[in-house]
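Have a look at the structure below, then the notes.
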Amino acid sequence: MVTSHAVTWEVLESRGYETAWVEFGDGSLRARGRAVGAVPEPYWISYELETGAGFVTRRLAVTAETESSTRTLDLRRDDGGRWTADGEPVPGVEGALDCDLGLCPLTNTMPVLRHDLHRAPGEREFLMAWVSVPGLVVRPSRQTYTHLGRTDGGGHVRFTSGEFRSDLEFDAHGCVVDYPGLATLLR
């Protein structure tokens, strides 16, 4: 069964907004979204995200527009865990299951849903194919997600990466409701 979920966040860190239309299938999701921000420079982002079974990223296609340029990225993960960006291998992310689009709260959804971390105890460390915004540069990023407690249908999860730490709130769908300092769901 496929369910659709539209979400809009105020993205505090970029002084902007993001809207995503997300379709949840049986252990997978598809999404298309748009974001506009003013930091680090005024930009528009359009993206399409597709996962396979277990919410494992298959593809992230992104277009970023700034006053001076338009960039595109076609980031793909094959069944062997190899990543390519515009057809070229991406070093340092071999075996990663997820992409993480910078300033995009939606890409926190996949690892949380895969391990039910918004509902059940646990802690997991992940290697991510992290994508900068608006530059669209792909780099490896180690991230840890830790279940902190349940809410009505969702829960609280601690996110850490290097020295950065934030306690996120997720809804029953696994979408970010509140990411302190980064984004807040508009209701």
Side-chain angles (χ1 to χ4, degrees), residues 1-13 18-33 35 47-60 75 77 79 81 83 92-131 133 138-187:
M1 180 172 125
V2 175
T3 61
S4 295
H5 189 57
V7 288
T8 298
W9 294 276
E10 179 179 9
V11 184
L12 308 168
E13 189 168 317
E18 177 179 343
T19 295
W21 293 270
V22 187
E23 291 180 357
F24 294 94
D26 188 23
S28 66
L29 70 82
R30 287 178 165 281
R32 58 189 173 89
Y47 66 86
E48 291 184 12
L49 172 64
E50 177 186 345
T51 76
F55 300 102
V56 174
T57 300
R58 281 190 183 154
R59 180 173 186 238
L60 173 67
L75 182 65
R77 181 188 181 279
D79 291 337
W83 291 81
V93 296
E94 299 83 9
L97 299 179
D98 303 296
C99 66
D100 182 2
L101 182 59
L103 304 174
C104 175
L106 180 65
T107 51
N108 295 101
T109 296
M110 292 95 73
V112 167
L113 285 177
R114 182 180 317 111
H115 299 286
D116 206 29
L117 291 171
H118 60 312
R119 295 185 184 130
E123 178 175 286
R124 300 287 180 139
E125 184 177 319
F126 302 98
L127 173 62
M128 304 289 196
W130 184 82
V131 180
V133 169
V138 183
R139 296 192 308 249
S141 173
R142 293 253 174 227
Q143 302 177 2
T144 302
Y145 290 77
T146 306
H147 173 83
L148 297 178
R150 289 188 60 126
T151 60
D152 291 337
H156 294 276
V157 176
R158 175 162 293 147
F159 168 85
T160 56
S161 182
E163 298 297 314
F164 179 80
R165 180 178 103 175
S166 188
D167 294 347
L168 287 60
E169 181 182 347
F170 288 84
D171 66 13
H173 295 284
C175 291
V176 170
V177 172
D178 186 34
Y179 188 142
L182 178 82
T184 302
L185 185 69
L186 296 176
R187 299 173 197 231

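Residue indices begin at 1 and follow the sequence shown. The shown structure was predicted, so the numbers you read here are calculated from the model rather than taken from an experiment.
Across all their heavy atoms, Leu101 and Tyr47 have their closest contact at CD2-CD2, 3.8 Å. Considering all non-hydrogen atoms of both residues, Ala31 and Leu106 come closest at CB-CD2, 3.5 Å. In terms of heavy atoms, Val138 sits closest to Ala129 at CG1-CB, 4.2 Å. Of all heavy-atom pairs between Leu117 and Glu123, the closest is CD2-N, 4.3 Å. Looking at every heavy atom in both residues, Pro140 comes nearest to Val93 through CA-CG1, 3.7 Å. Smallest separation of non-hydrogen atoms from Ser28 and Gly52: CB-O, 3.4 Å.
Thr19 contributes no side-chain N or O that, together with a main-chain N or O of Thr8, makes up a donor-acceptor pair within less than 3.5 Å. Between the side chain of Thr144 and the backbone N or O of Glu125 there is no donor-acceptor pair closer than 3.5 Å. Side-chain atoms of Arg58 never come within 3.5 Å of backbone atoms of Asp79 as a donor-acceptor pair (strictly under, hydrogens ignored).
Listed by chain and residue number, nothing satisfies the side chain to side chain donor-acceptor pair (under 3.5 Å) test with Arg150 (two or more places apart in sequence, or in another chain). For the ring-ring contact (aromatic ring centres under 6.0 Å, His included) test, residues two or more places apart in sequence or in another chain that qualify with Phe126 are His115, Tyr145. Under the side chain to side chain donor-acceptor pair (under 3.5 Å) criterion, Asp100 pairs with Thr107, Gln143, not counting sequence neighbours.
A distance of 9.0 Å separates CE of Met128 from OG of Ser161, quoted to the nearest 0.5 Å. Atom CG of residue Leu113 and atom SG of residue Cys175 lie 7.5 Å apart, to the nearest 0.5 angstrom. Note: Glu18 CD to Leu185 CG = 11.0 Å, rounded to the nearest 0.5 Å. Rounding to the nearest 0.5 angstrom, the gap separating the OG1 atom in Thr151 from the CG atom in Asp178 is 11.5 Å. To the nearest 0.5 angstrom, Leu168 atom CG is 10.5 Å from Arg158 atom CZ. Residue Leu103 holds its CG atom at 12.5 Å from CH2 of Trp9, rounded to the nearest 0.5 Å.
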Practice task
Dump the intermediate steps for side chain to side chain contact (heavy atoms under 4.5 Å, CB included) on Phe170 and Val176, then the final yes or no.
Solution key: CA-CA 4 Å; Phe170 288 84; Val176 170; 3.6 Å; yes
Exercise for the section: Please lay out, stage by stage, how Val157 and Asp167 fare under the test side chain to side chain contact (heavy atoms under 4.5 Å, CB included). Expected result: CA-CA 6 Å; Val157 176; Asp167 294 347; over 6 Å; no
Exercise for the section: With side chain to side chain contact (heavy atoms under 4.5 Å, CB included) as the test, would you mind laying out the steps for Arg139 and Val131 before giving the verdict? Expected result: CA-CA 7 Å; Arg139 296 192 308 249; Val131 180; over 6 Å; no
Practice task
Begin from the C-alpha positions of Thr57 and Met110 and carry the test side chain to side chain contact (heavy atoms under 4.5 Å, CB included) through to its verdict.
Solution key: CA-CA 8 Å; Thr57 300; Met110 292 95 73; 3.6 Å; yes
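Using a cutoff of 4.0 Å between basic side-chain nitrogens and carboxylate oxygens, Glu23 and Arg30 are not scored as salt-bridged. Ionic pairing of Asp98 and Arg114 is present here: one or more N-O contacts between side-chain nitrogen and carboxylate oxygen are shorter than 4.0 angstrom.
In this structure, Phe24 and Ser4 have side chains that are not in contact, with every pair of non-hydrogen atoms separated by 4.5 Å or more.
Counting only N and O atoms by type, the side chains of Asp171 and His5 include a donor and acceptor under 3.5 Å apart.
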